[in-house]
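As the structure lists them, so they are numbered: ligands from 1, and atoms in each ligand from 1. Here the structure is a predicted model, which means the values were calculated and not measured.
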Amino acid sequence: MELKKYIEAGKIGKEARELGAELIKEGASYYEVAEKIEKYILDSGAKPAFPVNLSTNHVAAHYSPVKGDNLYFRNGDVVKLDLGAHIDGYISDTAITVEVGTNHWAELIESTSEALKAATKALYPGVEIRVVSRAIEEEIKMRGFNPIYNLTGHGLARYDLHHDISIPNYDDGTRIKLTPGMAFAIEPFATNGRGKVKNGKGGNIYMFISNTKVDGVYGELYKRFKTLPFAARWCESYADYMNMLADGTKRGVLYHFPILHERKKYIVAQTEHTFVMTDDGVIVTTA
Ligand code: MN
Ligand code: MN
């Protein structure tokens, strides 16, 4: 457990999130916002743990802009900014929801930030996951919304963004304990819909499928990104990179993450922090 590296990655993640919150404004380009946030992470001495996700309205997660997508934030958009930094593979993962120019969804957004606070209060060394999940579920439901049932928080390990455990946003009875030495992300998602997301089209985020042999251009990419997700944007130095990535996906070398959107296109909000459990209690690295 490299606590110092987790804490430093968390601090940079928090600062990058705050920068992002300022940049998301009516008329701003998704592409430029993502690039500026990732540049900040690099300039701070960390690397992005995964591409900046900018997922809007009914899209819950996994959209990262690509050159030429012509996306600009519009008045009234509900934008989930989800980002991560890593130092030597030790990851922070954090998210907020920004409503552009309006205030229609403040209560929905607040239900996720309050749920995250309630989850944080519920944490102690050895707490069962179901206790944390129940705190999240109650906080969201008491405001008249639904948690997203099929999106969860998750364990973190070196170069491993979704390690081992899941932390659901409702009490599913999981009795696994959060014990000293564990790092994890908690990410309450809420919606005014029924609370299920489904896969949409590809969101320009890729990852190497483990245990596949990589060579040539894919070998070069694997050296850079290892087992962490990466953006199509990060491959722009290769001519025809979109076709290259599509081909890698077809050949089973790469996984192309689909965007996740609310089934009936209801609005989704999210708030997320990274935690490290110690003998003395929990540390919120991204707070
Ligand atoms: Mn995240
Ligand atoms: Mn996460």
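Among the atoms of Asp93, an N, O or S atom is found under 2.8 Å from the Mn ion (ligand 2). In summary, no N, O or S atom of His162 is located under 2.8 Å from the Mn ion (ligand 2).
Of the N and O atoms on the side chains of Tyr63 and Asp69, at least one donor lies less than 3.5 Å from an acceptor on the other residue. For the residue pair Thr271 / Thr112, a side-chain donor-acceptor distance below 3.5 Å is found, with atom types taken as modelled. There is a side-chain donor-acceptor pair under 3.5 Å between Thr56 and Tyr30.
When OE1 of Glu272 and OD2 of Asp82 are joined through the Mn ion (ligand 1), the resulting angle is 100° to the nearest 10°.
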For this session: Before giving the answer on salt bridge (Lys or Arg N to Asp or Glu O under 4.0 Å), spell out for Glu262 and Lys265 the whole-Å C-alpha distance, their side-chain angles and the decisive distance to 0.1 Å.
Result: CA-CA 5 Å; Glu262 211 283 332; Lys265 306 212 166 177; over 6 Å; no
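Within Glu187, the N/O/S atom positioned nearest the Mn ion (ligand 2) carries the name OE2.
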